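Taking it in order: structure first as structure tokens, then the write-up.
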Amino acid sequence: MSFFSFGQSAEIDIVLNDAETRKKVEHKTEDGKKDKYFLFFDGETVSGKVNVTLKNPGKRMEHQGIKIEFIGQIELYYDRGNHHEFVSLVKDLARPGEMSQSQTFDFEFTHVEKPYESYTGQNVKLRYFLRATISRRLNDVSKEMDIVVHTLSTYPELNSSIKMEVGIEDCLHIEFEYNKSKYHLKDVIVGKIYFLLVRIKIKHMEIDIIKRETTGTGPNVYHENDTIAKYEIMDGAPVRGESIPIRLFLAGYEMTPTMRDINKKFSVRYYLNLVLIDEEERRYFKQQEITLWRKGDIVRKSMSHHAAIASQRFEGSASAEKALAQAKEDSN
Amino acid sequence: MADTIADTRRLFTRPQNLSDAYGPPSNFLEIEVSSPETVGVGRNRFTTYEIRLKTNLPIFKLKESRVRRRYSDFEWLRGELERESKVVVPQLPGKALFRQLPFRGDDGIFDDSFIEERRTGLEQFLNKVAGHPLAQNERCLHMFLQDEIVDKSYTPSKIRQA
């Protein structure tokens, strides 16, 4: 920012080459607002153009070099000064010299490694951005462009169910079961609660999803818990031998994949909390960690009519209906 | 690989035993505080309440019991539970010391409406406490609810199920 109107000043603009075709996703900013950013995956090339526009045409601009950087960094809110950069790439666009007219520079960061997912949390932020800088004697001119990175996984080879018997001796024994231990973000938690012994007066039962963001190391570890969802699964008093089904659709909740010890700086983990509440508002709970992962979207091409029907389960879905309609159209 | 839709069919459950489904529940516990009676004369009067308990919980020795207790017995119970157990013990209805001052227009602590208020509060207190799994392990609670008299010089101990 220049306060003096003499001399030359410039505006920088960063434009991606595939801005027309690349998908944009919503991402929460630090102050809670939602904005759209270009979506990138690990290994993708980041290429585009840097437009440098001189504010006063005709006047020359001296500079100490123009460069563009691709940066991936972790920022802990309690330690704002220190940015931990885990990806730092730079391309020089212009050697020190003079600019007499507005110019455009091409850049390409080939097959950039983006090992972690973009994350904006309560106490930590992980972001990726491009930063174009014109170095000058008195003050630099720079422009940042944030992008969002998603990390994709495939169906885990091993995905055992969670089944456990818990309780308070002689008062309450239950057996809970969740069909998987690893769920993708649009998955459904299917489970059941089986009552083995009920000597207390239960009023209702709910299942909560808790997100725990952990920052810091050693004695300075800080956990921030946030209840993402509360879902009542039973209203009333159960007796021995009763089974209560659970069916919780995760797509309705804003969640991120499980992030474990990211660059040794922070973790984001998710827990299912089963809560039973008795007539006197006493709470009995059992917490169990689940792993969340992000599944890639697969573009479905044409599909035979039979295959479309076979792919439909008990619950219909928009994509299955679309496939059925598409298959019908194709066969006509 | 085609995009699969999640299988949301219920997990397998064993059928419930019919006697479990239609039989009496295992959590039956009913406590009533009733029949306030003022005994004694003059300045040595006090009110006792009948505490009737009905249950099928195995932790209680008697499935039906009936005892008489006064307010100071409740205070004793609350103190014992606070000290001996990790339970957050609910409050008792007020001690109402101001009602024991002289020159009142009404009957003080022997006023009908006050006794009724206190009776309700004591009943709520007992129902809250007696249903607490940790309080149920305390000897003092069982002595208060089911023994003829409260022996304040007892030895505190934990009850374990037979």
Side-chain angles (χ1 to χ4, degrees), chain A residues 154-155 161 163 168-172 177-179 183-184 186-195 197-202 237-251 278-282 284 295 297-300 303 307-308 310-317 319-320 323, chain B residues 1-31 54-61 63 85-91 123-138 141-142 158-162:
Chain A
T154 49
Y155 277 96
S161 64
K163 191 168 180 175
I168 301 170
E169 207 173 330
D170 301 322
C171 285
L172 174 69
E177 186 179 342
Y178 305 128
N179 62 331
Y183 293 94
H184 61 80
K186 305 262 186 286
D187 215 333
V188 186
I189 299 175
V190 177
K192 72 176 208 286
I193 310 295
Y194 179 73
F195 287 90
L197 178 72
V198 189
R199 293 218 179 109
I200 55 171
K201 294 180 189 170
I202 297 172
V239 291
R240 175 174 54 214
E242 249 173 311
S243 292
I244 304 298
I246 298 170
R247 193 181 285 135
L248 181 54
F249 290 83
L250 296 179
D278 73 14
E279 294 280 330
E280 300 295 342
E281 304 298 325
R282 287 181 284 255
Y284 309 78
K295 187 159 74 100
D297 287 326
I298 296 165
V299 179
R300 198 205 309 270
M303 206 179 182
S311 79
Q312 262 192 324
R313 294 283 199 178
F314 295 83
E315 250 90 334
S317 88
S319 44
Chain B
M1 189 178 102
D3 201 20
T4 51
I5 300 153
D7 184 357
T8 56
R9 289 173 295 186
R10 287 189 183 188
L11 298 180
F12 171 75
T13 60
R14 18 212 199 289
Q16 190 182 24
N17 188 315
L18 283 182
S19 59
D20 281 341
Y22 294 103
S26 318
N27 60 2
F28 178 62
L29 174 63
E30 234 172 52
I31 298 183
K54 289 203 195 118
T55 187
N56 66 359
L57 298 183
I59 192 116
F60 288 99
K61 210 162 58 174
K63 297 308 156 220
S85 79
K86 298 199 184 92
V87 176
V88 173
V89 192
Q91 296 292 337
E123 194 174 73
Q124 281 171 3
F125 171 83
L126 274 189
N127 275 296
K128 247 205 172 84
V129 159
H132 196 302
L134 288 180
Q136 281 171 2
N137 290 336
E138 295 298 326
L141 178 72
H142 292 270
K158 301 273 188 271
I159 306 255
R160 280 235 54 218
Q161 204 122 177

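Here is the naming used below: chain letters follow the sequence lines, and residue numbers restart at 1 for every chain. Everything numeric here is computed off the predicted structure, so don't read it as measured data.
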If the condition is ring pair (Phe, Tyr, Trp, His ring centres under 6.0 Å), which residues does B:H142 pass it with, not counting sequence neighbours? B:F60
B:Q136 portion near chain A, given a 4.5 angstrom heavy-atom threshold: side chain
For B:K86, I'd like to know if atom NZ has over 12 heavy atoms of other residues, nucleotides or ligands within 6.0 Å. no
Top contributor to chain B interface from A:C171, A:S161, A:G241, A:A237 [non-hydrogen pairs under 4.5 Å]: A:G241
Quick check for you: among A:I168, A:D187, A:I200, which has the greatest number of heavy-atom pairs under 4.5 Å with chain B? A:I200
With a 4.5 Å cut-off on heavy-atom pairs, point out which of B:L29, B:N17, B:V88, B:N56 contacts chain A the most. B:L29
Show the numbers, then the answer: is there a side chain to side chain contact (heavy atoms under 4.5 Å, CB included) between A:Y284 and A:D278? CA-CA 8 Å; A:Y284 309 78; A:D278 73 14; 2.8 Å; yes
Is the shortest heavy-atom distance from the side chain of A:I202 to the side chain of A:L172 under 4.5 Å? yes
Does A:K163 have any salt bridge (charged side-chain N to carboxylate O under 4.0 Å, His left out) partners at least two apart in sequence or in another chain, and if so, which? A:E177
Could you tell me which portion of A:R240 (side chain, backbone, both or neither) has an atom closer than 4.5 angstrom to a non-hydrogen atom of chain B? both
